[in-house]
Asker: 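One structure, pasted below without further comment.
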Amino acid sequence: MGLPLLGESHHFFSPNTSSDIPPFIKERIKRYGPLFKTSLVGRPVVVSTDPEFNHYIFQQEGKLFQSWYPDTFTEIFGRENVGSLHGFIYKYLKSLVLRLVGPESLKEKLLCEMEEKAWRCLESWSNQPSVDLKEAIATMIFDLTAKKLISYDPNESSEDLRLNFVAFMQGLISFPVNIPGTAYNKCLQGRKKAMKMLKRMLDERRASAPRKNGQSDFFDYVVEELMKERSLLTEAIALDLMFVLLFATFETTSLALTMAIKILTDHPAELKILMGRTVIKVVHVLQNEDKEEHEAIVRNRENPNSGMTWKEYKSMTYTNQVINETVRLANIVPGIFRKALTDIHVKGYTIPAGWSVVVCPPAVHLNPEIYEDPLAFKPSRWDGIDTNGGSKNFMAFGGGMRFCVGTDFAKLQMAVFLHCLLTKYRWTKIKGGNIIRTPGLQFPEGYHVLLSLKSPNAFDNWKELIK
């Protein structure tokens, strides 16, 4: 259990550059097996790397286990954040969020808006001598979602809202020392500034007349719910919800997209398949199937200048496999937290009521008994496998009733951006690309590339393409 109070926190938070199961976890699996206890930031926890038990934990949400996160999370995301709420209020908030990122919104609105934003950003980046993809993609997604959420426009606002979120990934899973200069302190200061801005906006919306449908955003809908008689929504819950959505919609997706481009750069054969520049037969990878994807989609359009359709997106089988394989290897979420509501008896052990349980996705995703050659990038391993609801062997988006409500949003954003990038652009890595885990995934030096059009006139008709 480590030292008094500190436990084994120092070892857990120690940075590492491994793409394998985190050393802290791997060493203890070897010593104690797939279930072991430890102490993190003063709290006893059981770490589970057992797929069967992980699946059981997710299925027993609200019965034997409930969602729980350390004080560091709740201080940063708010005591009333959606991840800390349970039962009916959680289901209610989930239904609210689906108005923004549900299938109808993705299909009717967000698809074309994502594509337009991607084209505009790529054109801008191609005129620069170097672009840090991690930072640029994060800004692109943040600007899009902030506009949908709160009508925020960085060009018209006196405040740079995203700056308040910059240090979040470093501080979100960090040692909770609230001293100026620490990652945790920067997180708290960023939250304070962002919440002040959101509170001011909430007060303004309440005091003003309702906006027309064409001008309304998600915040208008939240304010409308908030002002209903006997509403389940409180001001604290509403503000924490907006804060969490602003962060969640851009940070993890930008990390995954940057990781996808890095991996594809390092695997040119898979990149060619994805692009569809040539029809490649690779028996051991593609099972004798001719695979074409993005350029084939453009060639098959009646109007080559038309934008992406929902049908085209749903046809991107190999792209979806690339996304699954990327998030399996990236393991952006190093742990999923739950709390035992009663004594739990499992495999000869007892987890006492009140103890925390940490489900460890990397230990499953990189287990050689589950995935052959687990550190290899093999999109074809997902042939014929449905991951829409997660499974005991794939937890990149969680599982059970708390399966990430933004999963389809993230996958669509990745697919749309890859389509725009691969059909019109080429890129060359300049510097960066090294990863570090603390234990969350980071690109400490960014991922800098030189972006250029495939042909001089490839972007002449981009305005027509996004109409």
Asker: According to side-chain contact (heavy atoms from CB on, under 4.5 Å), who are the partners of Q60, at least two apart in sequence or on a separate chain?
Answerer: Y56, K63, L64, F65
Asker: Is any side-chain heavy atom of L366 closer than 4.5 Å to one of L375?
Answerer: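 The answer is yes; the side chains approach within 4.5 Å.
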Asker: Could you check whether T319 and H294, counting side-chain N and O atoms only, form a donor-acceptor pair closer than 3.5 Å?
Answerer: yes
Asker: Would you compute the distance between atom CE of M195 and atom CE of M242 and round it to the nearest 0.5 angstrom?
Answerer: 10.5 Å
Asker: Please name the pair of heavy atoms, one in L453 and one in R426, separated by the smallest distance, quoted to 0.1 Å.
Answerer: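 The pair with the smallest heavy-atom distance is O-NH1, 3.3 Å.
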Asker: Looking at residues at least two apart in the chain, or sitting in another chain, which of them share a salt bridge (Lys or Arg N to Asp or Glu O under 4.0 Å) with K378?
Answerer: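 Scan of K378 (salt bridge (Lys or Arg N to Asp or Glu O under 4.0 Å), adjacent residues dropped) gives D373.
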Asker: Do R191 and F77 meet the cation-pi criteria used here (NZ or CZ under 6.0 Å from the six-membered ring centre, within 45° of the axis)?
Answerer: no
Asker: Grab the two heavy atoms, one from L35 and one from F53, that are nearest each other, plus how far apart they are.
Answerer: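 In this case the closest contact between L35 and F53 is CD2-CD2, 3.7 Å.
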Asker: In the structure I gave you, are the side-chain heavy atoms of F243 and N81 within less than 4.5 Å of one another anywhere?
Answerer: no
Asker: Any salt bridge between D203 and K199, counting N to O under 4.0 Å?
Answerer: yes
Asker: For F250 and F142, take the angle between the two ring planes, folded into 0 to 90°, and tell me which bin it lands in: parallel under 30, tilted 30 to 60, perpendicular over 60.
Answerer: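 F250 and F142: perpendicular rings.
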Asker: So, do F219 and L202 sit near enough that their side-chain heavy atoms are less than 4.5 Å apart?
Answerer: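 Yes; the side chains approach each other to less than 4.5 Å.
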Asker: Looking only at non-hydrogen atoms, find the nearest pair between T309 and L111 and report the distance.
Answerer: C-CD2, 3.7 Å
Asker: Run the ring pair (Phe, Tyr, Trp, His ring centres under 6.0 Å) test against H267 and tell me which residues pass, sequence neighbours left out.
Answerer: F377
Asker: Which residues pass the side-chain contact (heavy atoms from CB on, under 4.5 Å) test with N324, sequence neighbours left out?
Answerer: N320, W382, T387, F394, K411
Asker: Tell me, please, which residues at least two apart from K94 pass salt bridge (Lys or Arg N to Asp or Glu O under 4.0 Å).
Answerer: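 By the salt bridge (Lys or Arg N to Asp or Glu O under 4.0 Å) rule, K94 matches no residue at all.
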Asker: For K429, look at atom NZ and say whether over 12 heavy atoms of other residues, nucleotides or ligands are found less than 6.0 Å away.
Answerer: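 Yes.
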Asker: Look at the rings of Y425 and W119 and say which category their plane angle falls in: under 30° parallel, 30 to 60° tilted, over 60° perpendicular.
Answerer: tilted
Asker: Identify, with sequence neighbours excluded, every residue that meets salt bridge (Lys or Arg N to Asp or Glu O under 4.0 Å) alongside R99.
Answerer: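 With neighbours one apart ignored, the set is empty.
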Asker: Show the atom names and distances, to 0.1 Å, of all donor-acceptor pairs under 3.5 Å that link a side chain in residues 332-339 to residues at least two apart or in another chain.
Answerer:
unit_1: R338; atom_1: NE; unit_2: E61; atom_2: OE1; d: 3.0

Asker: Which pairs count as salt bridge (charged side-chain N to carboxylate O under 4.0 Å, His left out) when at least one residue sits in residues 321-333, sequence neighbours excluded?
Answerer: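 Residue pairs with at least one partner in residues 321-333: E325-R328, E325-R381.
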Asker: Between K424 and E123, does any side-chain N to carboxylate O distance fall below 4.0 Å?
Answerer: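 Salt bridge absent between K424 and E123.
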Asker: Within a strict 4.5 Å, meaning less than it, do heavy atoms of the P362 and P22 side chains meet?
Answerer: yes
Asker: Tell me which donor-acceptor pairs under 3.5 Å the side chains of residues 256-265 have, and how far apart each pair is, sequence neighbours excluded?
Answerer:
unit_1: T258; atom_1: OG1; unit_2: S254; atom_2: O; d: 2.8
unit_1: K262; atom_1: NZ; unit_2: G433; atom_2: O; d: 3.2
unit_1: T265; atom_1: OG1; unit_2: I261; atom_2: O; d: 2.6
unit_1: T265; atom_1: OG1; unit_2: W427; atom_2: NE1; d: 2.9
unit_1: T265; atom_1: OG1; unit_2: Y447; atom_2: OH; d: 3.4

Asker: For L100, which residues count as a side-chain contact (heavy atoms from CB on, under 4.5 Å) partner, sequence neighbours excluded?
Answerer: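 Residues passing side-chain contact (heavy atoms from CB on, under 4.5 Å) with L100: K148, L149, F218.
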Asker: Would you be so kind as to tabulate the donor-acceptor pairs closer than 3.5 Å made by side chains of residues 220-233, with sequence neighbours excluded?
Answerer:
unit_1: D220; atom_1: OD1; unit_2: R205; atom_2: NH1; d: 2.9
unit_1: D220; atom_1: OD2; unit_2: R211; atom_2: NE; d: 3.1
unit_1: D220; atom_1: OD2; unit_2: R211; atom_2: NH2; d: 2.8
unit_1: D220; atom_1: OD2; unit_2: D217; atom_2: N; d: 3.0
unit_1: E225; atom_1: OE1; unit_2: Y92; atom_2: OH; d: 2.7
unit_1: E225; atom_1: OE2; unit_2: K228; atom_2: NZ; d: 2.7
unit_1: S231; atom_1: OG; unit_2: E225; atom_2: O; d: 2.8
unit_1: S231; atom_1: OG; unit_2: L233; atom_2: N; d: 3.0

Asker: Please determine if E113 and K109 form a salt bridge, counting it only when a charged side-chain N lies under 4.0 Å from a carboxylate O.
Answerer: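 Between K109 and E113 there is no salt bridge, as every charged N stays at least 4.0 Å from the carboxylate O atoms.
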Asker: Would you check if there is a donor-acceptor pair between the side chains of Q442 and T438 at a distance under 3.5 Å?
Answerer: yes
Asker: Taking only residues two or more places apart in sequence, or in another chain, which ones meet E135 in a side-chain contact (heavy atoms from CB on, under 4.5 Å)?
Answerer: D132, T139, R162
